[in-house]
Amino acid sequence: MAGTVSTLAHVARHRQRRSLGDPRWVRVALIGAALLFVALFLVVPLAAVFVEALRKGLGPYFAAFADKDAQAAIRLTFLAAGVAVPLNLVFGVAAAWAVAKFEFRGKALLVSLIELPFAVSPVISGLVYVLLFGAQGWFGPYLGAGDHPWLGAWLNARDIQILFAVPGIVLATVFVTFPFVARELIPLMQAQGKEEELAALTLGASGWQTFWRVTVPNIKWGLFYGVVLCNARAMGEFGAVSVVSGHIRGQTNTIPLHVEILYNEYNIQAAFAVASLLTLLALVTLVLKNIVEWRHRRAIEAAAAADLRQYAQ
Amino acid sequence: MKPKSLLLAALAAVLATAAAAKDIELLNVSYDPTRELYVDYNAVFAKYWQAKTGDKVTVKQSHGGSGKQARAVIDGLAADVITLALAADVDALYDNAKLIPQDWQKRLSNNSAPYTSTIVFLVRKGNPQKIKDWDDLVKPGVSVITPNPKTSGGARWNYLAAWEFAKRKLGSEAKAQEFVARLFKNVPVLDSGARGSTTTFVQREVGDVLLAWENEAFLAVKEFGADKFEIVVPSLSILAEPTVSLVDKNVKKKGTEAVAKAYLDYLYSDEGQEIAARNYYRPRNETVAAKYAAQFPKVELFTIDAAFGGWTKAQKTHFADGGIFDQITTK
């Protein structure tokens, strides 16, 4: 009897060891396949961008940026991101603050609304603005044709063009990057809870003092992460911006749209040169993201640990 | 420089430019393959206009599928002039938004089409599939590249040329419809504009034959070398008339009517016609046409008015929602 038991135990142990450690060839094959996959789908395309961009040497590479239309595209992209990111920063913090620290009716609806731009295809995001501000759209007739008795005349005299102009591009960019900051902050602030803020208030701090000295230091890494992602998307957005741009060269083309134009004009080296700018941005974003993610995780873990301690007491 | 003095310098610069000759900006909203043509033409026109009036005119360009571009102008893209692939797309500006008068096409000579073109085939070097005429396109296994007739003007010319060929050869409209349906079964991808299709065929190397604007085919051969591609001229093709028009409502609002009108008129001048011919568009001017005659292959051309009773009718029968093209492709 005792013999059987020990044999069973032995078999179980043996099985356990087998399931823990796969044969060497399986491990090599799996890791090899994963590496090959990464190389094929990530490293090679990334390298291809720079190889194509530098194929004719450094001179033509920089010549692609000396082009007037390219510079206009770069300026417009920075402008759009420069407006979209601060707006979403302020909004994101306010929304996350409201959602994480307060209870109110319609909270779930608000969260869903914030995430809407993620769920909607960028083409639709663009078309929405055509529908609103297009000459045949809801508000468009009041902007352009001056049909409205007083509002139209006022706007018309000031020649306000929203669609197919810089404001439309900025609006579309704000729309598609809407959720980035808020989505990053909501889980973090929910995990942190509101005890620290309440403590600060009890000790006599004002609302602003609590916000700047307690809330902001707690969320700064999450916030930074959200801003970095938001910026990357703002500069790289193609679909929505393409719909509202009108593609006027040197005026309403952003970097991604300019890349497409260059490619379609058989100017492949210049297309990749300009594309390499976006790729570099992506790489910088990635490095920043990794640094921040590491800090961010520690912040969440610290918050979780604090929670645990609280429950243990 | 201190911020204050920088501001003053900027102000001075603004005032200085305001005091000099007028700077005018025009927007030409055009279709896909005219990019190179209008880059050349805009430079020449700017010189001509400055010599004539002293004003400096900058012409901004916007390109895309012809139907898509018309849609954008209707939605408020502030074009001073439109130079589209076909009259039906310009008609849309009247039909949907009354941006132009109904009789716009009578305002300029030659049906408001200062240059013409036609549809030819572009094949890979050596013509491995032995494509000679339209009936080779419906053979099984031949992969045909054309843009989407819904959004692209060039694609509508392609479609109508194939239709008329089949009608003449097979003898009836019903057979023609069947022929065109078979042709579109051989199309693996429909891009939204002519340039997109050229890129698909030339750079992504998809397909055996590209149905292309003559000028687009010439440009592809020029850019990529005659060692890679060949142009095949079918026995019959369509006389494509890309049309131009002032966008009346926009130029009145912007105060650019005179210069925009001159911009279109100058397309008909000897110099404008030469530029068109150099960019592989068939000129209207007979002297210029004779000079460049060797450049353009001889091909029997029919007009849309003769074969289809004009664009309005062809558009309604074939390309409107629920039209024959929709019936063919949803089958």
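Residue numbers start from 1 in every chain, and the chains themselves are labelled A, B, ... in the order their sequence lines are given, proteins ahead of strands. Scope of the values below: all heavy atoms of this structure, side chains included, with no hydrogens, waters or symmetry mates.
Counting heavy-atom pairs under 4.5 Å between each of Ile74(B), Val73(B), Asn96(B), Leu219(B) and chain A puts Ile74(B) at the top. Ranking Thr198(B), Asn250(B), Leu77(B) against chain A, the residue ahead of the rest is Leu77(B), based on heavy-atom pairs under 4.5 Å.
The part of Glu223(B) that comes within reach of chain A is its side chain, from C-beta onward, which places non-hydrogen atoms under 4.5 angstrom from that chain. With a threshold of 4.5 angstrom between heavy atoms, Asp32(B) does not approach chain A through any atom at all. Both the backbone and the side chain of Ile261(A) come within contact range of chain B, each with at least one heavy atom under 4.5 Å from a heavy atom of that chain.
Between Phe133(A) and Asp75(B) there is no side-chain heavy-atom pair separated by less than 4.5 Å. The closest side-chain heavy-atom distance from Glu25(B) to Gln251(A) is below 4.5 Å.
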Item to check | Test log, rule side chain to side chain contact (heavy atoms under 4.5 Å, CB included), inputs Glu265(A) and Arg35(B) | outcome: CA-CA 8 Å; Glu265(A) 285 177 358; Arg35(B) 303 155 193 252; 3.4 Å; yes
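By the neighbour-count criterion of 12 heavy atoms within 6.0 Å, atom NZ of Lys316(B) is sparsely surrounded, having that number or fewer from other residues, nucleotides or ligands. For Phe118(A), the CZ atom is densely surrounded, since the number of other residues' heavy atoms within 6.0 Å is greater than 12. Other residues, nucleotides and ligands place no more than 12 heavy atoms under 6.0 Å from the NZ atom of Lys222(B).
Minimum interatomic distance between Gln161(A) and Gly76(B) (heavy atoms only, all atoms of both residues): NE2-O, 2.8 Å. Of all the heavy atoms in Lys60(B) and Ile248(A), the pair that sits closest is CB-CG2, 3.5 Å. Nearest heavy atoms, Ala72(B) versus Phe164(A): O-CE1, 3.1 Å.
Side-chain contact, Gln203(B) with Tyr263(A): a donor N or O sits under 3.5 Å from an acceptor N or O.
A side-chain donor-acceptor contact under 3.5 Å links Ser62(B) to the backbone of Gly246(A).
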